Amino acid sequence: MSALIETQNLIYRYRAASENLLKEVNLAFDAGSFTVVLGANGSGKSTLLKHFNGLILPTSGSVLINSQDTANRENWLDIRQNVGLVFQNPENQIVSTIVEEDVAFALENLGVDRKEIRKRVDESLKTVGMYAYRLHPPYKLSGGQKQRVAIASILAMRPRCILFDEATSMLDPQGRKEIMAIIRTLNKQYGVTIIMITHLMEEVIGTDRIVVLDKGTVVYDDLPQEVFQHVEDIEKLGLTVPIVTKLADLLKKEGVCLSEDTLLDESQFTQAVKQYMEGKNGTFKD
Amino acid sequence: MALLRTENVDYVYGAGTPFVQTALAQISFSLEKNEFAGMVGATGSGKSTLIKLLNGLLRPKNGRVFFQEQDIWKKGYDLQALRFSVGLSFQYPEHQIFSDTVREDIAYGLKNQGISEDLWDEKIREAIEIVGLDESYLSKSPFRLSGGEIRRVALAGTMVVKPQVLVLDEPTAGLDPIGRKMVYHALKRFQKESESTILVVSHSMDDVAEYADSLIVMDHGKIVDKGTPAQIFANTANLEKTGLAVPEVTRLLKKIKTAGFSVQDTIYTMEDAKNELLKLLKGEVKDE
């Protein structure tokens, strides 16, 4: 089976710019996968994401969505129904004055049958936990709620993949938790392919794959525990590793090696502390 | 003597309409000279409303605001002068940039204050240096810079007029880790070198905890907690009730403590956490 999204020697350059922003990017994303894209500001990650539903077209090379080339205008409708994009600012993606109308907007444009629209709008709003707010005006919602409405609007189109471009960065911790829980559910329960850009390490934990971009080039493409082994390298790229990973690395430099594996979350770290202390007590008693 | 303080301030949006909503209730707090304070709270807790009261952009329904112990809403008070002394930097300040060059943008505030052009060059150079950029940026177009750079240019534009109090709403939103660090370093330097007072509004606990001397916690239009970061983070339950999270380092140490190890759990910086853990891990084995 071929990948859901595939880039082939993707090169992109803004018209007036002299340098390529994306330099021969070759990536493939399988249906149902969950990928996080990391990179410093200006590394080209948002530009890359916008290629995945044809908002931006490659300068050279190609992007295939479900084997359809984004360069071909006739594919756009299909591609954009299949791949939805959620942006950073929830304010920028809401068009209607009533929540349910906003969710119905795309379906109405697509000429979907009225009964079907009702059904899909209700389903989508229930999935993101906003059904009770269906008759509210969006401007009265919190940032997290607005972002959930934006996700529902995309879900109503029954996409196979949703792209998130720092979709939680303008939300407070509570809003972030809500959105991350929904994203994970969409992936696990509904098999929606997720590609997500974030600067927040707590959102990286639990993903299958991390792609790190630097100046338009893919420098890492691996499991989180593999990528975060390279603490110094990642920091040199202007990024951070999860806090527990960093702490374990600092301890290692002081001569305390908690674990051979890269520690990614608090439970792993606590467990490693336990084992280390038990080991120490053990050898002492012998 | 407090430099800036509010006394029982209430603020209501949409008064006299069916949409009336109390944004702030009975807010009293003060900022001292040369203090670096952080204000945290979930979305909708009233943070952004409160900071607009501090330089008279909004007028409180009840209560009073004092700058240098002068009531700013007393008849005849010079609000224009207040706004030069209390600088406000909104979220995404780079959205307000419109000049062709970085130099012009930074000079905008100097022009508004009627500062003699002879002094501009020196002040501009000082400001760009404080935010960690060099003079080569002055002739560049702000729109050609990266997200972190343009944010710092916007900051320099606020710092150049040397406000006595600098209030910033989410100064690091949307920046990458390096960008965040650079912004906080610039603020810290500005605080030291111009002996200014800084108030940062944020919901990123990790950032604020690392740099602020004191914290104010807002929830539903009220101040629910005040103190040093260590005091605030000692009370995890209280903080989480307001929709905020304790810094990750603090959470980790609490977890290790719960697992039965004796570690101090009010630590909130990486360096302290490392030392605390080293004490545990390298420590003497206790007889059981």
Side-chain angles (χ1 to χ4, degrees), chain A residues 17 38-43 45 88-89 140-145 166 169-177 199-202 234-244 246-251 253-258 265-267 269-274 276-277 280-285, chain B residues 19 21 40-45 91-92 144-151 170 172-181 202-206 240 242-249 251-261 263 270-271 273-275 277-278 280-286 288:
Chain A
L38 300 177
N41 289 126
S43 60
K45 54 194 189 318
Q88 194 174 45
N89 191 345
K140 293 224 157 171
L141 305 177
S142 75
Q145 289 172 330
E166 291 190 52
S169 68
M170 295 184 84
L171 308 181
D172 60 26
Q174 190 54 41
R176 272 179 201 156
K177 259 191 224 163
H199 284 312
L200 300 164
M201 286 303 127
E202 67 259 35
I234 294 287
E235 286 177 348
K236 241 182 259 160
L237 297 174
L239 303 170
T240 48
V241 299
I243 280 185
V244 296
K246 174 74 185 167
L247 201 50
D249 187 61
L250 288 174
L251 290 173
K253 287 192 179 119
E254 300 283 342
V256 177
C257 179
L258 279 179
D265 63 36
E266 288 160 21
S267 306
F269 193 96
T270 311
Q271 194 57 36
V273 168
K274 254 187 210 165
Y276 186 90
M277 293 301 281
K280 200 168 80 163
N281 282 334
T283 46
F284 207 76
K285 275 171 197 157
Chain B
F19 305 109
Q21 197 172 16
V40 293
T43 318
S45 60
Q91 269 186 47
Y92 296 90
R144 291 253 159 144
L145 304 179
S146 79
E149 287 169 342
I150 192 170
R151 181 73 54 88
E170 294 283 356
T172 57
L175 294 188
D176 60 14
I178 283 286
R180 291 210 291 268
K181 206 174 244 177
S202 175
H203 31 59
S204 164
M205 279 294 179
D206 293 283
E240 279 172 355
T242 67
L244 295 169
V246 290
E248 281 184 65
V249 165
R251 214 169 53 214
L252 176 66
L253 283 165
K254 280 186 198 291
K255 194 155 187 170
I256 293 172
K257 192 178 181 180
T258 314
F261 297 103
V263 286
M270 186 74 93
E271 188 61 26
K274 182 187 88 176
N275 292 331
L277 284 170
L278 279 177
L280 171 76
L281 298 166
K282 280 189 170 173
E284 302 275 300
V285 177
K286 284 184 208 130
E288 287 171 40

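So that the names make sense, note that chain A is the first sequence line, chain B the second, and so on, each numbered from 1. Values in this document were obtained by computation on a predicted structure and should not be read as measured data.
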Among Gly238(A), Gly42(A), Ser169(A), Ala40(A), the residue with the most heavy-atom pairs under 4.5 Å to chain B is Gly238(A)
Using a 4.5 angstrom heavy-atom cutoff, name the option from Leu258(A), Val256(A), Thr240(A), Leu247(A) with the most pairs to chain B. Leu247(A)
Chain A contact via Glu271(B) - which portion, at a heavy-atom distance below 4.5 Å: neither
Rounded to the nearest 0.5 Å, how far apart are NE2 of His199(A) and OG1 of Thr172(B)? 10.5 Å
Atom CD1 in Ile243(A), atom CG in Asp206(B): separation rounded to 0.5 Å? 4.5 Å
Quick one: closest heavy-atom pair of Ala259(B) and Thr270(A), and the distance? CB-CG2, 3.7 Å
I need the Lys255(B) NZ to Gln271(A) CD distance, nearest 0.5 Å. 10.0 Å
Sub-4.5 Å side-chain heavy-atom contact between Glu248(B) and Val244(A): no
Inter-residue atom distance Leu281(B).CG - Cys257(A).SG, 0.5 Å rounding: 11.0 Å
Using non-hydrogen atoms only, which part of Lys177(A) is less than 4.5 Å away from chain B: side chain, backbone, both, or neither? neither
Greatest number of heavy atom pairs closer than 4.5 Å to chain B - which of Gly255(A), Gly39(A), Ser267(A): Ser267(A)
Going from CG on Leu237(A) to CG on Asp176(B), what distance comes out if it is rounded to the nearest 0.5 angstrom? 11.0 Å
Applying a strict 4.5 Å limit to non-hydrogen atoms, the region of Ser43(A) in contact with chain B is neither
Are Tyr276(A) and Leu280(B) close enough that some pair of their side-chain heavy atoms sits under 4.5 Å apart? no
What part of Leu38(A) gets closer than 4.5 Å to chain B, counting heavy atoms only: side chain, backbone, both or neither? neither
Does atom CD of Glu254(A) have more than 12 heavy-atom neighbours from other groups under 6.0 Å away? yes
Output for pair (Glu266(A) CD, Arg251(B) CZ), nearest 0.5 Å, gives 4.5 Å
Tell me, out of Gln21(B), Met270(B), Glu170(B), Gln91(B), who's got the most heavy-atom pairs with chain A below 4.5 Å. Met270(B)
